[in-house]
Amino acid sequence: MKILMVCLGNICRSPLAEGIMRHLTKEQNLDWEIASAGTGNWHIGQAPDRRSIAAAQSCGYDISLQIAQQFSPAMFSQYDWILVMDRKNLLDVKNLAKTKEALQKVKLFLDDDELIDPYWDDTLFAPVCKQVEERCKEIIKELS
């Protein structure tokens, strides 16, 4: 199983989802490949936002070594699922899909809801981290 988590800049939400999912699947001895990317290019090569790193650490996860990358159409063929954090980024990713098969891989991380972007509000990082953790556990149950 190969899953790509996608948000806008790849420094807040998708690194949390990548790190938590990677940790949980490793704990369960699942041979899954987990990565993340952003639809924007502002943070390519950077570590996650310090607030995401801190929120992850408080939940028992280390995301400090992750490096931001930008989503590219080549990623459709590299991943089984592309889980996107909000509807705007969902639309941006879907617009890059060239085939029906690629389009079918893309869905919202929270099924029918958006994961709020904590970037502009420091108080949102901890609850977003908990929400990501809960959803990652659900996804593992659904797909394994």
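We use all heavy atoms of the structure for the numbers below, so side chains are in, but hydrogens, waters and symmetry mates are not. All values reported here derive from a predicted model rather than from experimental measurement.
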Fill in: Co-membership, hydrophobic cluster, residues Phe71 and Leu8, 4.5 Å side-chain
no
Worksheet item: Looking at residues at least two apart in the chain, or sitting in another chain, which of them share a side chain to side chain donor-acceptor pair (under 3.5 Å) with Asp80?
Response: none
Discussion item. Against the six-membered ring of Trp81, is Lys107 placed for a cation-pi contact (under 6.0 Å from the centre, within 45° of the normal)?
Written reply: yes
Response to the item:
Separation between CD (Gln57) and SG (Cys129), nearest 0.5 Å, reads 10.5 Å
Worksheet entry | CA sep, side-chain torsions, deciding dist, call: Lys88, Asp86, salt bridge (Lys or Arg N to Asp or Glu O under 4.0 Å) | CA-CA 6 Å; Lys88 170 68 171 104; Asp86 61 60; over 6 Å; no
Worksheet item: So which heavy atom on Ile63 is nearest to which on Pro15, and how close?
Response: CG2-O, 3.7 Å
Discussion item. Please give me the minimum heavy-atom distance between Phe125 and Ala55, naming the atom from each residue.
Written reply: O-CB, 3.7 Å
Worksheet entry | Transitive ILVMFWY side-chain link Leu30 to Leu24, under 4.5 Å | yes
Worksheet item: Roughly how far apart are Met21 CE and Glu133 CD, rounded to 0.5 Å?
Response: 11.5 Å
Worksheet entry | Interatomic spacing from CZ in Arg50 to OG in Ser64 - rounded to 0.5 Å | 15.0 Å
Worksheet item: Nearest 0.5 Å, what's the OG-CG distance between Ser14 and Leu115?
Response: 10.0 Å
Fill in: ILVMFWY cluster, Leu4 and Ile139 together (side-chain gap under 4.5 Å)
no
Worksheet item: Any sub-3.5 Å donor-acceptor pair from Lys105's side-chain atoms to Tyr79's backbone N or O?
Response: yes
Worksheet item: Quick one: do Leu91 and Val106 end up in the same hydrophobic cluster if we chain Ile, Leu, Val, Met, Phe, Trp and Tyr together by side-chain heavy atoms under 4.5 Å apart?
Response: no
Worksheet item: Do Cys59 and Ile20 have side-chain heavy atoms sitting under 4.5 Å apart?
Response: no
Discussion item. Using side-chain heavy atoms (C-beta onward) and a distance below 4.5 Å, is Gln70 in contact with Asn10?
Written reply: no
Worksheet entry | Check: Ile34 main-chain N/O paired with Arg22 side-chain donor or acceptor under 3.5 Å | yes
Discussion item. Closer than 4.0 angstrom, basic N to acidic O: yes or no for Glu138 and Lys141?
Written reply: no
Worksheet entry | Asp92 CG to Arg87 CZ distance, which is reported to the nearest 0.5 Å | 14.0 Å
Practice prompt. Could you pull out the closest heavy-atom pair between Ile82 and Met75, with the gap in Å?
Written response: CD1-O, 4.2 Å
Worksheet entry | Arg135 bridged to Glu142 by N-O distance under 4.0 Å | yes
Item to complete: Please state whether the rings of Tyr119 and His43 are parallel, tilted or perpendicular, taking 30° and 60° as the class boundaries.
Response: tilted
Item to complete: With the side chain counted from C-beta on, respond yes when Leu83 and Val6 share a heavy-atom pair under 4.5 Å apart, and no when they do not.
Response: no
Fill in: Point-to-point distance, once rounded to the nearest 0.5 Å, from OG1 of Thr25 to CD1 of Ile3
8.0 Å
Worksheet item: Would the number of heavy atoms belonging to other residues, nucleotides or ligands and lying under 6.0 Å from CD1 of Ile116 be above 12?
Response: no
Worksheet item: Could Lys130 and Glu134 be called an ion pair, given the rule that one side-chain N must be under 4.0 Å from one carboxylate O?
Response: no
Worksheet item: Can you check whether Trp42 reaches Ile11 side chain to side chain, under 4.5 Å on heavy atoms?
Response: no
Worksheet, complete the sentence: When every non-hydrogen atom of Ala17 is compared with those of Met85, the smallest separation belongs to CB-CE, 3.7 Å
Worksheet item: Which side-chain hydrogen bond (donor to acceptor under 3.5 Å, both in side chains) pairs, counting each pair once, include a residue from residues 93-102, with sequence neighbours left out?
Response: none
Fill in: Test item: Ser144 side-chain N/O and Ile140 main-chain N/O as donor-acceptor pair under 3.5 Å
yes
Worksheet item: With side chains defined as the heavy atoms from C-beta onward, is the minimum distance between Cys136 and Phe109 less than 4.5 Å?
Response: yes
Worksheet item: Under the 3.5 angstrom rule, does the side chain of Gln69 hit a backbone N or O of Ser36 as a donor-acceptor pair?
Response: yes
Practice prompt. Would you name the heavy atoms of Leu16 and Ser52 that are closest together and state the gap between them?
Written response: CD2-O, 3.6 Å
Discussion item. Is the shortest side-chain heavy-atom distance between Ile67 and Gln46 below 4.5 Å?
Written reply: no
Discussion item. Under the criterion side-chain contact (heavy atoms from CB on, under 4.5 Å), I'd like the reasoning laid out for Phe76 against Leu96: C-alpha separation, chi angles, the key distance, then a yes or no.
Written reply: CA-CA 9 Å; Phe76 287 112; Leu96 294 173; 4.0 Å; yes
Response to the item:
In terms of heavy-atom contacts, Gly9 and Ala68 come closest through O-CB, 4.1 Å
Worksheet item: Hey, does Gln66 have a side-chain heavy atom less than 4.5 Å from the side chain of Glu18?
Response: yes
Fill in: Hydrophobic cluster identity match, Val84 and Val128, side-chain contacts under 4.5 Å
no
Item to complete: Flag the pair Asp113 / Leu108 as yes when at least one side-chain heavy-atom distance between them is below 4.5 Å, and no otherwise.
Response: no
